[in-house]
Asks: 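Have a look at this one.
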Amino acid sequence: MEGSTAVLQCPVQPVLFWTDREERTIYSINQTLNDGVSDRIEITEDYRLVIENLNLMDARTYRCEGINAEGRLTVFDIRLDIIREPKNMKIQNLNNITEVFANEGERFNLTCTVDSGLPAETLQWLWNQRIVAVGGPASLIYYFTPTRSNDREKFTCIALSDVTNTTLKMTVGLHLYFKPKVHVYAYPSTNIQEGNQLNISCKYESNVEHDDVYWYKSSYELFNVSLNGSFNLFIPNVSKEDRGEYFCQVNNRAGKDVASIAISVNFLPMIHGHHRNNYTTQLREAIHIMLKIESYPEPSVSWAKSAGGKLGVWNISRNNDFPLFSSMYYLESSIQPTKEEHFGLYMATIRNEIGSIEVFLQLQNDRYGVTVEPRQTICVASSSIYITCSNLNVNNRTWDITWKHYFHGELVQTLKGELHNQIAMLSISHCDYRDGGKYVCEWMSDDTTLSGWSSVAILGPPVISQQTVSFQDELVFISVDFYCDGDTFEIDWYINDVRLNANDKEYQVLREWSNISVQVHTHTIYIKGFKTKLHFNKKNISNINKINCQVRQNSYSSEVVIGKEDLAENVDTVMSDMTETTIYQDVTIFTIPTDNSEKVISSLYMSIPLTTAFILILVNGLVYLFWKFRKGKENIPQPIDMRNREPVNIPVPIGELNILNEDHYDEISSDIGSTYYHSVEWLNTTIDSDTDNSRCQSSISEGASADIKTVDNVYEGLDILFIEPLHQYSDCANMKRITI
């Protein structure tokens, strides 16, 4: 302690010299003090160095030199320190004597410093008398993120010295600048009738003045900016286009906040898009009616006028992907004429709370009997289908047959049809989204034109139309436009291959309707599609290596990748048109129940001309007999009860698909057929029970009555035996006879 006496004893005696290391001052030689040494220092008889009334200048390293027991010169250093108390405590960031200032929600540090003592002191931060940080010496920093509840709370820094029992203490108050807490209100209501006035008001809570106010609508597209200005958005004449979600963002020095409000608009029902007024059907054949209607609130529909046909009930379905703002409904019913006079004018009334509209439908008679089969069909991507067209009133005329392909109502392709046994066939191979739509078969002779049609839906991956990256102030927007057949699909966004959570506040995902363009053959078709949009703050770009967007429908998916280089701030353009590029698809396993396989195969054979069918069946039969001969009877498995068999999994590889041009597209053929093994035999009307095939007779007899379908035709008495593709299983365990 300062002012006390220190006695230094050398470990060896006698001591020849006492000195200090720093200044090399010689205090004594043997037991004699040197001249000029302070009168506070003396040497005792046992060679101890005594220093009285210590001060800070005496703190140093002292050295003694003496002779040890072996007679060698030995040197020892002895350190003398003077105890010091910590002093001059300071707290950084003080705006005045008693307060520090911070922003709500922003990481902040409290720094306490002292002139360190000896031995070193311990520093502590106390928050409301609770220790939150311990450290030192000399300084201690406490990091934390303050919330609004921390405003005006007390923080205390304490320096403790165990040797001197000294305590330094300093307390400060925390003053927070609040982020704006935003609220949005609508007057007179969030549900407004078309044509009325609407005022949307934005208010905020904070102890700091605002800097900026921004208004957005639905998809975060900026449509109004006011600096230190209006917090009201006024719409004098509301229309249905004004429905949606409105966002108000307020910024101040402490940060920003966004609040939203959903506005719904009541409006009269209206027909959406192209409306079909004329429907053609044959006598006693029901025709399906479908109307696409926009309405809010939900409409009701009823028949208001009839020409006498049987009227179906109306079914109303809604697009559930966007339940908050969706006003799109499908109204479906049917009409079945049972008499000639039932062809004529029909009317339906569509009504909601606002009013009603009338829709007129003209039902016409298809007197000439052009039949297209199947009327509706689904083509799995990369597989093939056949459509047949027949005319029961040929009457020895010369007919020209044309197939016309309509995609979303637009004619995209015209094909010349060929006639075989009064049946025209259209083959669609390796189908993709471009093959979907309506196929019209036209029979033309002199001044007569007859037609029928078939609808083809494609079961395949979503079609990516385009992707864009754009910037708006501090926000980054990534949009992906795509087309799906129907409204049921799933969207996932990935940041660095980690799927975004729906509750993620850093990255916001929206989706909406969008008008997109797709290439179909040589035509650019503008259709109603979808858009998914990801937006986030620019500050997150540094943490992003890539962004993926995956769109899935059924078991198919399409995906786009946005790399780090695409997020450069000077990029603000459409990055690609995906309808002309490669689409990567998942490898999918299709499960086909064996109970329906014979129906699929039989319908395929039934849809081709008789001559071609005969040749195919004969060739397949010979191949089957040759295979059976090679295998031998001993290798044929025993009969298997197929009624309880598990489904057969048929893998359909769908890899990278590059379409170079239209000719290349038309030449591509399906590989799916290679996974089937067909075996066909011609049999007489009765099966000889004495033959080797007698074990199959029971399965044929049991299913015959239920599966035989009588068809009026010019061919009679012809038996066709279809055998399901059972691979290595029994060759006749599940076959049925169809009589034409």
Side-chain angles (χ1 to χ4, degrees), residues 1-94 109-126 131-143 156-170:
M1 293 290 293
E2 190 173 5
S4 64
T5 298
V7 179
L8 308 183
Q9 182 174 346
C10 188
V12 295
Q13 291 183 3
V15 175
L16 302 180
F17 301 99
W18 275 104
T19 65
D20 71 62
R21 284 185 55 186
E22 285 82 3
E23 298 180 2
R24 304 300 297 173
T25 300
I26 298 176
Y27 297 103
S28 69
I29 300 174
N30 291 324
Q31 292 180 332
T32 304
L33 286 173
N34 272 352
D35 294 337
V37 175
S38 172
D39 58 3
R40 295 183 297 109
I41 299 176
E42 64 179 40
I43 299 296
T44 66
E45 292 180 356
D46 54 358
Y47 299 99
R48 296 183 182 184
L49 181 65
V50 178
I51 307 172
E52 297 177 345
N53 194 21
L54 288 170
N55 60 45
L56 294 178
M57 298 299 295
D58 297 323
R60 62 187 64 195
T61 301
Y62 295 85
R63 172 170 290 180
C64 65
E65 300 179 22
I67 305 299
N68 64 14
E70 287 81 20
R72 296 179 181 177
L73 180 65
T74 305
V75 178
F76 287 94
D77 288 341
I78 302 173
R79 176 69 190 177
L80 176 61
D81 279 319
I82 308 301
I83 294 173
R84 300 189 305 271
E85 296 179 348
K87 58 185 177 179
N88 295 329
M89 177 176 283
K90 296 178 182 178
I91 295 179
Q92 298 180 10
N93 303 324
L94 273 178
N109 69 80
L110 284 171
T111 302
C112 178
T113 63
V114 296
D115 293 341
S116 189
L118 189 71
E121 68 286 335
T122 299
L123 295 177
Q124 296 178 346
W125 269 114
L126 278 67
I131 297 175
V132 292
V134 178
S139 69
L140 176 61
I141 303 176
Y142 173 51
Y143 293 96
T156 302
C157 179
I158 298 178
L160 300 173
S161 176
D162 294 336
V163 176
T164 63
N165 294 320
T166 302
T167 300
L168 292 181
K169 182 184 295 185
M170 192 171 185

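Sequential numbering from 1 along the given sequence is applied to the chain's residues.
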Asks: Please report the shortest heavy-atom distance between Ser139 and Thr113, naming the atom on each side.
Replies: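 For Ser139 and Thr113, the tightest heavy-atom pair comes out as CB-CG2, 3.9 Å.
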Asks: Shortest non-hydrogen contact from Leu80 to Leu54?
Replies: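 Looks like CD2-CD2, 4.0 Å.
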Asks: Using the test ring pair (Phe, Tyr, Trp, His ring centres under 6.0 Å), find all partners of Tyr47 that sit at least two apart in sequence or belong to another chain.
Replies: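 None.
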Asks: Could you tell me if the side chain of Cys10 sits less than 4.5 Å from the side chain of Trp18, heavy atoms only?
Replies: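 Yes, their side chains come closer than 4.5 Å.
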Asks: Is there side-chain contact between Ile82 and Leu118, with at least one heavy-atom pair below 4.5 Å?
Replies: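 The answer is no, as the side chains (C-beta and beyond) never meet within the 4.5 Å cut-off.
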Asks: So do the side chains of Ile43 and Leu49 get within less than 4.5 Å of each other, counting heavy atoms only?
Replies: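 Yes, at least one pair of side-chain atoms sits under 4.5 Å.
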Asks: How long is the gap from OH on Tyr142 to CG on Asn109, to the nearest 0.5 Å?
Replies: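 It is 11.5 Å, given to the nearest 0.5 Å.
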Asks: Has the side chain of Glu121 got a donor or acceptor atom that lies under 3.5 Å from a matching backbone atom of Gly136?
Replies: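 Looks like no, no N/O pair under 3.5 Å.
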Asks: Picking from Leu140, Leu126, Val134, what satisfies side-chain contact (heavy atoms from CB on, under 4.5 Å) with Ile158?
Replies: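 Result: among Leu140, Leu126, Val134, Leu126 is the only option passing the side-chain contact (heavy atoms from CB on, under 4.5 Å) with Ile158.
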Asks: Is there a side-chain contact between Met170 and Leu168 in this structure, where contact means two heavy atoms from C-beta onward sitting under 4.5 Å apart?
Replies: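 The answer is no, as the side chains (C-beta and beyond) never meet within the 4.5 Å cut-off.
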Asks: Which value, rounded to the nearest 0.5 Å, describes the distance between Gln9 atom CD and Cys64 atom SG?
Replies: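 If I round to the nearest 0.5 Å, the distance is 9.5 Å.
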Asks: Could you state the interatomic distance from OG1 (Thr44) to CD (Glu42), rounded to the nearest 0.5 Å?
Replies: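 CD of Glu42 is found 7.5 Å from OG1 of Thr44.
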Asks: Rounded to the nearest 0.5 Å, how far does CZ of Arg72 lie from CD1 of Ile67?
Replies: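 The CD1 atom of Ile67 sits 11.5 Å away from the CZ atom of Arg72.
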Asks: Going from CH2 on Trp125 to OG1 on Thr156, what distance comes out if it is rounded to the nearest 0.5 angstrom?
Replies: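 Separation between the atoms: 7.5 Å.
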Asks: Please lay out, stage by stage, how Leu56 and Arg84 fare under the test side-chain contact (heavy atoms from CB on, under 4.5 Å).
Replies: CA-CA 9 Å; Leu56 294 178; Arg84 300 189 305 271; 4.3 Å; yes
Asks: Please report the closest heavy-atom contact between Cys112 and Leu123, naming both atoms and the distance.
Replies: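 Closest heavy-atom pair between Cys112 and Leu123: O-CD1, 4.2 Å.
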Asks: Nearest 0.5 Å please: distance from the CD1 atom of Ile41 over to the CD atom of Glu52.
Replies: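 Interatomic distance, Ile41 CD1 to Glu52 CD, rounded to 0.5 Å: 10.0 Å.
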Asks: When you measure from the side chain of Arg40 to the backbone of Asn53, do you find a donor-acceptor pair of N or O atoms at a distance under 3.5 Å?
Replies: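 It does hold such a pair.
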